[in-house]
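Values below: every heavy atom of this structure, side chains too, minus hydrogens, waters and symmetry copies. All figures in this text were calculated on a predicted structure; none of them were measured in a lab.
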Amino acid sequence: MGNEKKKIPFALQIFLGLCLGILAGLLLMGHVDVAKTYIQPFGTLFLNLLKFVVVPIVLFSIMDGVISMQDLRKVGSIGVKTIVYYTCTTAFAVFIGLLLANLFKDSFVRLSTEGLEYSAQQSPSFLETLVGMFPSNVVAPMSDANMLQVIVMALFFGFGAIIAGEKSKAFAAFVSSANEVSMQVMNIIIKVSPIGVFALITPVVAENGPGILGSLALVLVVAYIAYLLHMALVYSATVSSLAKVSPLKFFSGMLPAMMMGFSSASSVGSLPLNLECVEKLGAKKEVASFVLPLGATINMDGTAIYQGVCAIFIATCYNVDLSLSQQLTIILTATLASIGTAGVPGAGLVMLTMVLTSVGLPIEGIALVTGIDRIFDMGRTTVNITGDAACALVVSKMEERREAKKRQQA
Ligand code: ASP
């Protein structure tokens, strides 16, 4: 996979896996149990392998990235740029979602809300999320695959190594070597992605089929238009103006990771492939290995769009007209909620409760969209990971320019 010649066939292989998976799903529509019994386990196996490799990848790649910067100020500079990019694009994403949902809301089918039940899993408050980011021991974050905690741990050890200077040489060499080994493990797993993608998508199509869309078809279409619009506007504009990469090159280079995001509905599971794609697009390794794992955990533009669209749809079903200030509240809470959303399938649905509560909508409304959440999720995850990649390219090129300027001044 490492060499250029194999690049196009591999992207094509994943695409074929996706198409064949959809086809097999359609053929198996009357036989969901066959898809679930014989095909789904391979998808689960593949997703498990990705989740298994993701903790060492995130831990070692962030530590290695930080240590190789050798300068706490540089880490700070990249960190600030990343957070600013992530927050601004996410707020804009909710805005696009709200705008489109408002335009179409009169045509939404108003589903009955009578007798709706949804046993809400409590979404954590902002402070709870903050406290939860900091691990109380070094083992639990890894065994629980709590990515925010793994990131915090990696940052602390990276900072410690920089401060320790000469004395951390052996540690730095170990981290760098462990990072390389983890990447090779990841490469082995990525090689079977086309089969993994096939096995993940087939049961989803077989189970849901086109029928399930029914009265929710328009809500889905609105969400997908918003997803596409956000990617076409925001990512095209930022990668071309700030990273000097043409949108065409960006999106074609990102295709394998995007297809992985679409079929797995997991940002964390797509991280290995995403790392590979952005590095091929020209992002610096030290930046990508810091920005992408962070993004897979906190940057969720697609989730934010989905939360905006669903909030308007649920309000419409309850005959509630949300005021401008309520919609501004949604922008704020959906941005925060998407930060707190884990990069795993279905996480955004749970966090939708936080958005609904903030504007006084009943959380039972979630039951209206639960049935087709996976279909929303495939699109929103694709947007989520593409946003991470755009940020990695932008920050990487900005850093390159900053360093070139510094060299000129010196
Ligand atoms: N599945 C999404 C992701 O992994 C999160 C969500 O459910 O919105 O990015």
Side-chain angles (χ1 to χ4, degrees), residues 1-2 6-22 24-25 39-40 42-54 57-58 61 145 147 182-183 185-205 227 231 235 250-281 283 288-289 291-293 295-297 299-303 342-348 374-393:
M1 187 163 329
K6 278 192 184 167
K7 185 182 159 200
I8 298 170
F10 184 66
L12 251 178
Q13 281 173 30
I14 297 195
F15 183 64
L16 278 178
L18 188 67
C19 293
L20 289 176
I22 294 175
I39 298 180
Q40 196 168 25
F42 293 98
T44 311
L45 190 158
F46 176 60
L47 214 51
N48 283 349
L49 281 179
L50 287 170
K51 286 184 195 153
F52 143 80
V53 77
V54 100
I57 291 262
V58 171
S61 73
M147 298 326 284
S182 310
M183 290 289 173
V185 174
M186 173 192 89
N187 278 341
I188 301 172
I189 298 170
I190 284 182
K191 285 214 171 94
V192 292
S193 307
I195 301 171
V197 163
F198 171 88
L200 282 169
I201 201 88
T202 303
V204 175
V205 176
Y227 294 156
M231 290 198 284
Y235 304 153
F250 173 69
F251 286 111
S252 55
M254 279 300 295
L255 263 184
M258 289 169 81
M259 287 187 278
M260 185 65 216
F262 186 77
S263 38
S264 69
S266 168
S267 291
V268 169
S270 312
L271 180 60
L273 206 52
N274 209 1
L275 271 166
E276 182 154 318
C277 288
V278 286
E279 276 175 35
K280 278 189 185 155
L281 278 168
S289 57
V291 173
L292 286 188
T297 315
N299 181 47
M300 309 266 167
D301 292 359
T303 304
V344 294
R374 178 69 185 214
I375 303 169
F376 281 113
D377 201 358
M378 296 191 301
R380 63 187 192 242
T381 308
T382 310
V383 181
N384 292 345
I385 61 139
T386 312
D388 302 340
C391 180
L393 268 184

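- Within the 4.5 Å cutoff, the side chain of S193 has heavy atoms near those of the F46 side chain.
- Considering every non-hydrogen atom in both L292 and A392, the closest pair reads CD2-CB, 4.0 Å.
- To the nearest 0.5 Å, atom CD of residue E279 and atom CG of residue L393 are 10.5 Å apart.
- Listed here is the closest heavy atom pair of V383 and D301: CG1-CB, 4.0 Å.
- Under the 4.5 Å side-chain criterion, counting only non-hydrogen atoms from C-beta, F251 is in contact with T386.
- For the side-chain contact (heavy atoms from CB on, under 4.5 Å) test, residues two or more places apart in sequence or in another chain that qualify with L49 are L45, F52, I189.
- Judged purely by atom type and a 3.5 angstrom limit, Y227 has no side-chain atom pairing as donor or acceptor with the backbone of T381.
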Could you pull out every donor-acceptor pair under 3.5 Å between side chains of residues 253-261 and any protein atom, sequence neighbours left out?
none

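- The shortest non-hydrogen separation linking A288 to L275 is O-CD2, 3.8 Å.
- Scanning both residues, I57 and S182, for their nearest heavy atoms gives CD1-O, 3.7 Å.
- To the nearest 0.5 Å, the span separating CG on L16 from CZ on F198 amounts to 11.5 Å.
- No more than 12 heavy atoms of other residues, nucleotides or ligands lie within 6.0 Å of CZ in F42, so this atom counts as exposed by the packing criterion.
- S264 is listed as a side-chain neighbour of S270, based on a closest heavy-atom distance under 4.5 Å.
- The two residues K191 and P194 have their closest heavy-atom pair at O-CD, 3.6 Å.
- When all heavy atoms of G43 and L200 are compared, the pair lying nearest together is O-CD2, 3.6 Å.
- Tested against S263 for a side chain to side chain contact (heavy atoms under 4.5 Å, CB included), the candidates I201, T202, T382, I22 yield a single pass: I201.
- Of the candidates T297, N299, N274, N299 is the only one forming a side-chain hydrogen bond (donor to acceptor under 3.5 Å, both in side chains) with D388.
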Take I385 and L273 through the test side-chain contact (heavy atoms from CB on, under 4.5 Å) and record every step on the way to the result. CA-CA 10 Å; I385 61 139; L273 206 52; over 6 Å; no
